[in-house]
Amino acid sequence: MNIQNHNAPMRHFLQLTDFSAQEILYILERAYYIKQKFKRYEPHMPLHDRTLAMVFEKASTRTRVSFEAGMYQMGGLVINLTSNDSQLGRSEPIEDTARVITRMVDIVMIRTFEQTRLERFAAHSRVPVINGLTNEYHPCQILADLLTFVEHKGSIQGKTVAWIGDANNMSYTWLQAAQLLDFKLHVSAPKGYQLDHHRIGKVDAKYLQEFEDPMQAAVGADLITTDVWTSMGYEQENERRRIAFANWMVDQDMMALANKDAIFMHCLPAHRGEEVTADVIDGPQSVVWDEAENRLHVQKALMEFLVLGKQETPQLLL
């Protein structure tokens, strides 16, 4: 039996803009509180006897481990489904899968291809649905990145984030974050791999600035972040992208143009010697391992919020 918090309507987290700025800041504060309890080995089990179904149509390491470990740590249970071991791989309509699965569990995380596929599932779900990654957006990763930024540098409001790389699900989600939380996003991508302005519409220049030269995008940044040159599903373009992105490697020269105390992030997996040099990702400005760990903590806060609603939380972070 699915028991939600009846004081609040059911919510989904399909993209970052499903939450208000205040709700995102609450998730960050709550995640930090849960993280501190985790570090002190204090049990935090608000989802005792609740069940998370994880549906993977795209392979994953960090997403699976962070959601699975997080749900177990909160006292819940986890069911892991892939296209190979469910009816999704046998052409069952995703609407029917949603109708069935969500009568048996309390919350669902899906990692899939098109955003519309996720939306179709959510439209027929009786429980909250979380976007674990789609071609268009990666909101859980950006929550982790935001938590990592705030831990290291304080409020992100008014700061500058430089995205060096193609217009992928990360960059579009960073743009949503900039508009919600009032910071500036610098984006630099090779021609042919830039943001789609038909998709994003008119964006105020105080939130977005695009650069042909990646070095110029790094100037004055508080955070430089990137991703692999070839995202999952585009492997056939690997050699073409390697040539196109040759000047978009984050190296020490690029980091030197950012603010002196700037940090470096990468959502991983990383290819040293391609999108980032080893001395940057393994250097003192890199916070990628904190960033990876923070997927666990923000997702615990997110699942708790979607199932139980907002909780009393001490202000420790912001």
Side-chain angles (χ1 to χ4, degrees), residues 5 8 11-48 50 52 54 60 62-76 78 106-107 109 128-133 137-157 159 161 170 173-174 176-178 180-181 183 223 225 263 265-268 287-318:
N5 175 13
R11 303 282 298 277
H12 299 304
F13 188 59
L14 309 185
Q15 54 184 297
L16 206 67
T17 50
D18 285 341
F19 285 2
S20 67
Q22 291 72 28
E23 286 170 332
I24 291 169
L25 294 175
Y26 164 77
I27 293 293
L28 300 183
E29 193 72 72
R30 186 68 178 171
Y32 187 75
Y33 169 73
I34 291 171
K35 180 177 182 177
Q36 298 312 304
K37 293 189 74 174
F38 177 80
K39 297 296 185 185
R40 295 192 298 266
Y41 294 95
E42 293 178 12
H44 182 73
M45 306 180 77
L47 299 185
H48 175 70
R50 303 298 179 96
L52 164 70
M54 302 193 300
S60 168
R62 279 155 292 277
T63 296
R64 177 174 177 180
V65 173
S66 56
F67 270 106
E68 192 162 342
M71 192 61 173
Y72 285 139
Q73 289 166 17
M74 290 195 295
V78 181
D106 300 283
I107 188 167
M109 183 284 298
V129 176
I130 295 172
N131 179 353
L133 174 143
Y137 299 110
H138 199 358
C140 289
Q141 182 64 58
I142 296 301
L143 284 180
D145 293 3
L146 291 169
L147 175 60
T148 308
F149 185 97
V150 173
E151 282 183 320
H152 284 270
K153 296 185 63 63
S155 173
I156 198 168
Q157 184 177 17
K159 300 292 175 50
V161 174
M170 286 289 293
T173 313
W174 268 118
Q176 290 185 329
L180 278 165
L181 299 179
F183 62 88
L223 162 64
T225 183
I263 54 178
M265 291 189 199
H266 191 307
C267 59
L268 303 175
V287 295
V288 297
W289 315 119
D290 291 343
E291 178 190 6
E293 178 192 341
N294 279 339
R295 284 288 299 276
L296 172 70
H297 307 300
V298 295
Q299 288 163 189
K300 286 165 77 172
L302 175 63
M303 289 189 287
E304 180 191 67
F305 177 66
L306 290 173
V307 175
L308 300 177
K310 194 170 180 180
Q311 309 294 304
E312 279 295 323
T313 305
Q315 194 164 348
L316 304 171
L317 183 65
L318 292 163

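Counting from 1, the numbers follow the sequence of the chain as shown. Values in this document were obtained by computation on a predicted structure and should not be read as measured data.
We find the CG-CD1 distance between Leu180 and Ile156 to be 11.5 Å, quoted to the nearest 0.5 Å. Remark: Lys310 NZ to Glu23 CD distance equals 8.0 Å, nearest 0.5 Å. Note: Asn131 CG to Tyr137 OH = 10.0 Å, rounded to the nearest 0.5 Å. Once rounded to the nearest 0.5 Å, the distance linking CE of Met74 with CG of Leu308 reads 8.5 Å. Atom CG of Leu223 and atom CZ of Phe149 lie 6.5 Å apart (nearest 0.5 Å). We find the NE2-CE distance between His266 and Met170 to be 9.0 Å, quoted to the nearest 0.5 Å.
Of all the heavy atoms in Leu28 and Leu317, the pair that sits closest is O-CD2, 3.7 Å. Here the closest non-hydrogen pair linking Ala31 and Leu147 is CB-CD2, 4.0 Å. Smallest separation of non-hydrogen atoms from Val298 and Ile27: O-CG2, 4.1 Å. Between Phe13 and Asp18 the shortest heavy-atom distance is C-OD2, 3.7 Å. Annotation for Lys37 and Pro43: closest pair NZ-O, 3.5 Å, computed over non-hydrogen atoms. Of all the heavy atoms in Ala177 and Phe183, the pair that sits closest is O-CE2, 3.3 Å.
Taking 4.5 Å as the limit, some side-chain heavy atom of Glu151 sits within range of a side-chain heavy atom of Asn294. Using a 4.5 Å heavy-atom threshold, the side chains of Met54 and Met71 count as separate. Inter-residue side-chain proximity for Glu29 and Leu316 is flagged as met; some heavy-atom pair is nearer than 4.5 Å. At a threshold of 4.5 Å between non-hydrogen side-chain atoms, the residues Cys140 and Leu302 count as touching. Side-chain contact check for Ile34 versus Gln73: every heavy-atom pair is 4.5 Å or farther apart. When side chains are defined from C-beta on, Met109 counts as touching Thr63, because their heavy atoms get closer than 4.5 Å. Val150 is not listed as a side-chain neighbour of Tyr32, based on a closest heavy-atom distance of 4.5 Å or more. Side-chain atoms of Arg11 and Pro128, non-hydrogen and from C-beta on, never get closer than 4.5 Å to each other.
Side-chain N or O atoms of Thr173 include one that pairs as donor or acceptor with a backbone N or O of His138 at under 3.5 Å. Within the 3.5 Å criterion, the main-chain N or O of Leu25 finds no donor-acceptor partner in the side chain of Gln22.
A salt bridge is absent between Arg62 and Glu291; no separation between the charged side-chain nitrogens and carboxylate oxygens falls under 4.0 Å.
For the residue pair Gln15/Gln176, the side-chain donor-acceptor check at 3.5 Å is satisfied.
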**Report entry** Trace of the side chain to side chain contact (heavy atoms under 4.5 Å, CB included) decision for Glu304 with Lys300
**Finding:** CA-CA 6 Å; Glu304 180 191 67; Lys300 286 165 77 172; over 6 Å; no
Requested in this report: Could you go through the side chain to side chain contact (heavy atoms under 4.5 Å, CB included) check for Gln157 and Leu181 one step at a time?
Outcome: CA-CA 6 Å; Gln157 184 177 17; Leu181 299 179; over 6 Å; no
Requested in this report: Decide yes or no on side chain to side chain contact (heavy atoms under 4.5 Å, CB included) for Val78 and Tyr72, but give the supporting numbers first.
Outcome: CA-CA 7 Å; Val78 181; Tyr72 285 139; 3.9 Å; yes
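Note on residues 288-318: pairs passing ring pair (Phe, Tyr, Trp, His ring centres under 6.0 Å), not counting sequence neighbours, are Phe19-Phe305, Tyr26-Phe305, Phe38-His297.
With respect to Ser66, the side chain to side chain donor-acceptor pair (under 3.5 Å) criterion is satisfied by exactly one of Glu293, Gln299, Gln141: Gln299.
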